[in-house]
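Below: the structure, in structure tokens.
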6 protein chains.
Amino acid sequence: MQPIDYEAASPDVRAVYDDIKQARGVDDVNNFWKYLANEPRMLQHVWQSLKEMMADGALDPLTKELIYVAVSITNNCNYCMASHGAGARAKGASEDMLNELYAVVGLANMTNRLVNAYGVPVDEAFKR
Amino acid sequence: MQPIDYEAASPDVRAVYDDIKQARGVDDVNNFWKYLANEPRMLQHVWQSLKEMMADGALDPLTKELIYVAVSITNNCNYCMASHGAGARAKGASEDMLNELYAVVGLANMTNRLVNAYGVPVDEAFKR
Amino acid sequence: MQPIDYEAASPDVRAVYDDIKQARGVDDVNNFWKYLANEPRMLQHVWQSLKEMMADGALDPLTKELIYVAVSITNNCNYCMASHGAGARAKGASEDMLNELYAVVGLANMTNRLVNAYGVPVDEAFKR
Amino acid sequence: MQPIDYEAASPDVRAVYDDIKQARGVDDVNNFWKYLANEPRMLQHVWQSLKEMMADGALDPLTKELIYVAVSITNNCNYCMASHGAGARAKGASEDMLNELYAVVGLANMTNRLVNAYGVPVDEAFKR
Amino acid sequence: MQPIDYEAASPDVRAVYDDIKQARGVDDVNNFWKYLANEPRMLQHVWQSLKEMMADGALDPLTKELIYVAVSITNNCNYCMASHGAGARAKGASEDMLNELYAVVGLANMTNRLVNAYGVPVDEAFKR
Amino acid sequence: MQPIDYEAASPDVRAVYDDIKQARGVDDVNNFWKYLANEPRMLQHVWQSLKEMMADGALDPLTKELIYVAVSITNNCNYCMASHGAGARAKGASEDMLNELYAVVGLANMTNRLVNAYGVPVDEAFKR
């Protein structure tokens with residue numbers, strides 16, 4: 001599958017590209033969107049979802065980017081680490097913050113497996 | 001493997017339990033620590049790491065709990081979701097914050113695989 | 001570990017290579033088999049399993065290739081996406097079909113984690 | 001988090017529930033939707049995406065359900081296996097088809113790791 | 001899917017059950033085989049593979065069981081941890097050995113993600 | 001994030017580097033440690049844990065390296081396979097041993113998913 005540039009895009013795809021560019025204040029969309037445009041329905045759904053859920057809300061945009069990076073590290077997705085790592089930095093993440101993020105992700109992946117290994121039952125206090 | 005209660009614990013294990021109880025202001029340690037105490041060296045290492053890295057730092061303790069929950073959801077670790085979800089609530093996470101967290105984790109797991117599927121190359125702008 | 005070419009292969013390995021080439025109508029086997037030949041017993045077991053289970057049966061060969069690609073995307077296995085993506089195309093998969101496949105894989109990975117996050121109990125209607 | 005029944009739902013959530021019930025010809029929505037309704041924006045996004053992408057298209061609805069089950073097995077999501085397994089059966093999946101599906105998912109998870117272990121390079125023929 | 005007991009099994013399935021019982025010196029086969037018997041071809045392939053590869057070879061049977069447990073912990077497969085944990089104990093694994101196994105699995109899952117997070121390039125000395 | 005060489009390292013980081021070099025009898029530390037040094041607290045914790053838990057104990061160091069490789073294959077961590085594969089070879093792993101390791105890892109990943117797919121209940125004999 002090849003990426004679809006603005007010039008070669010259908011009107012529907014262009015409309016999504018325009019909305020991404022305006023919402024983010026950028027001149028062009030990232031490679032992710034250009035590949036996803038091979039399935040214009042998903043391009044629309046994914047963008048609408050991310051636009052709404054990654055915006056400021058109960059959680060701030062930086063925290064959301066950090067969570068995105070944490071999941072991407074766990075799943076070993078290089079592109080996602082690069083793009084959301086850049087997003088986190090653009091929203092104010094310092095190197096110290098990223099280093100602590102990496103530490104927490106590493107520790108969580110360790111204790112997740114220690115819990116599996118020992119078959120730890122949920123404490124009564126944690127049941128709701 | 002069986003959990004090791006305070007009364008049955010060796011002095012080394014008791015010392016860790018005491019430190020956990022004091023640091024967290026609780027009367028007893030969670031099941032996780034009682035099972036991990038079957039390997040006292042790991043009990044010591046894991047506690048020292050979590051005590052230092054989950055404390056307030058470049059990232060605040062609530063953000064770190066949210067990241068922990070995000071990894072645990074991705075890895076499907078029920079105990080970890082329960083314990084760190086409780087930790088997040090104790091540090092101030094509202095239901096709205098958790099709902100947004102779940103949304104971001106879901107979306108990240110989706111786009112991680114869309115990136116894999118299309119083999120999206122990293123944008124020059126994201127390379128450092 | 002190095003790949004084992006036909007000329008350097010033992011008679012047992014050559015017999016598997018010959019069977020693969022005949023079953024698939026190709027002149028040479030893929031890299032996967034040349035590396036797996038370092039363990040001739042697994043070469044034999046994996047080939048016998050794939051030969052029988054990927055053939056036409058209750059499910060047609062194209063559907064099986066699509067399932068193979070779906071698992072490989074979820075696990076982020078580049079080689080497997082490339083080889084079984086080529087297999088799917090050779091069996092008739094169009095770009096539209098692959099785009100829909102990618103969409104379903106992305107959505108499933110998202111809802112799998114939303115289910116984890118909310119701890120959704122199985123509906124009575126789904127219990128058998 | 002608790003499930004949100006129709007009676008307790010907001011008008012926006014009720015509208016999605018009504019659309020799900022009509023599209024699927026059922027009297028009530030599954031637990032998944034009742035939990036996801038805690039985040040009405042995701043309820044809307046996930047339903048709109050699934051409604052459009054799981055419908056008949058380049059791939060038929062049964063094939064899409066099988067792919068959904070394959071991903072859910074790989075990720076060990078019990079609820080998702082139950083709900084989409086039921087969906088596959090409702091759309092015509094026989095026991096023989098499911099048994100072959102399980103076989104392919106198992107084999108793909110095996111060969112994905114054999115490829116990792118041997119570091120198999122992509123064949124020239126698979127590069128596009 | 002229901003398990004298939006010896007009495008209800010086809011002659012082909014019975015032959016595999018008999019071989020398992022003889023090879024392992026047991027009166028009945030485990031649940032895993034009774035469920036897998038719904039797909040007699042996979043029953044045959046999986047048993048032949050495990051019988052050959054889990055036997056004494058370049059690695060001893062206990063080491064192989066420990067590796068099996070390590071993978072099963074990483075993938076969070078409860079049944080597999082239970083059955084191969086029992087297998088490891090039957091072959092001589094002590095509680096101390098299992099505790100060290102759990103520690104190594106936890107640490108590996110942590111450092112795997114730290115490597116992802118930092119994008120660590122492979123040292124020249126490790127390239128072959 | 002950039003790697004931190006000995007010359008540019010802080011006294012605390014240098015002390016860990018010196019301890020690694022002495023414990024392993026090498027002239028320089030691997031890239032992993034040079035990147036992890038961006039978070040000196042984790043450098044310290046990870047090294048202390050690995051130093052203690054990977055040493056000879058209830059399990060010998062070679063078995064521990066093999067377990068490390070098994071987890072790293074399952075998680076698709078290239079760097080970790082390279083570094084711990086080299087570690088295993090340095091501790092005496094033959095090509096035959098590694099080939100059997102790869103086989104067991106592949107088989108475990110397959111049967112883990114077959115267990116998920118069939119929802120196999122744990123045998124009474126495996127419950128403790």
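Both backbone and side-chain heavy atoms feed into the values below; hydrogens, waters and symmetry mates do not. Lettering follows sequence order; numbering is per chain, from 1. As the structure is a computational prediction, the values presented were derived from the model and not from experiment.
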Residue-level interface, residues 44-65 of chain F with chain E, non-hydrogen cut-off under 4.5 Å: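 Contacts with chain E: F/V46, F/S49, F/L50, F/M53, F/M54, F/G57, F/A58, F/L59, F/T63, F/K64.
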Sorted by number, residues from residues 24-33 of chain F in contact with chain E (heavy atoms, under 4.5 Å): F/N30, F/N31, F/F32
Contact leader toward chain E among F/S83, F/G85, F/A103, where contacts are heavy-atom pairs under 4.5 Å: F/S83
Chain E interface, residue from F/T111, F/N78, F/N116, F/V105 that has the most non-hydrogen pairs under 4.5 Å: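 Going by pairs under 4.5 Å, I would pick F/T111.
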Does any heavy atom of chain E fall under 4.5 Å from the side chain of [X], the backbone, both, or neither of them?
| X | answer |
| --- | --- |
| F/A86 | side chain |
| F/L101 | both |
| F/A82 | both |

Shortest non-hydrogen contact between E/L107 and F/Y68, atoms and distance: O-OH, 3.4 Å
Minimal non-hydrogen separation, E/I67 against F/A70, with atom names: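 So the minimum-distance heavy-atom pair works out to CG2-CB, 3.8 Å.
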Greatest number of heavy atom pairs closer than 4.5 Å to chain F - which of E/V71, E/D96, E/N112: E/N112
Flag side-chain contact, heavy atom, 4.5 Å: E/Y79 against F/D123: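 The answer is yes; the side chains approach within 4.5 Å.
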For E/N99, side chain to side chain donor-acceptor pair (under 3.5 Å) partners two or more places apart: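 If we apply the side chain to side chain donor-acceptor pair (under 3.5 Å) test to E/N99, skipping adjacent residues, the hits are A/Y118.
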Set of residues satisfying side chain to side chain contact (heavy atoms under 4.5 Å, CB included) with respect to F/D12, sequence neighbours excluded: F/S10
Identified side chain to side chain donor-acceptor pair (under 3.5 Å) partner of F/N75 from the options E/N109, E/T74, E/N75: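 By the side chain to side chain donor-acceptor pair (under 3.5 Å) criterion, F/N75 pairs with just one of E/N109, E/T74, E/N75: E/N109.
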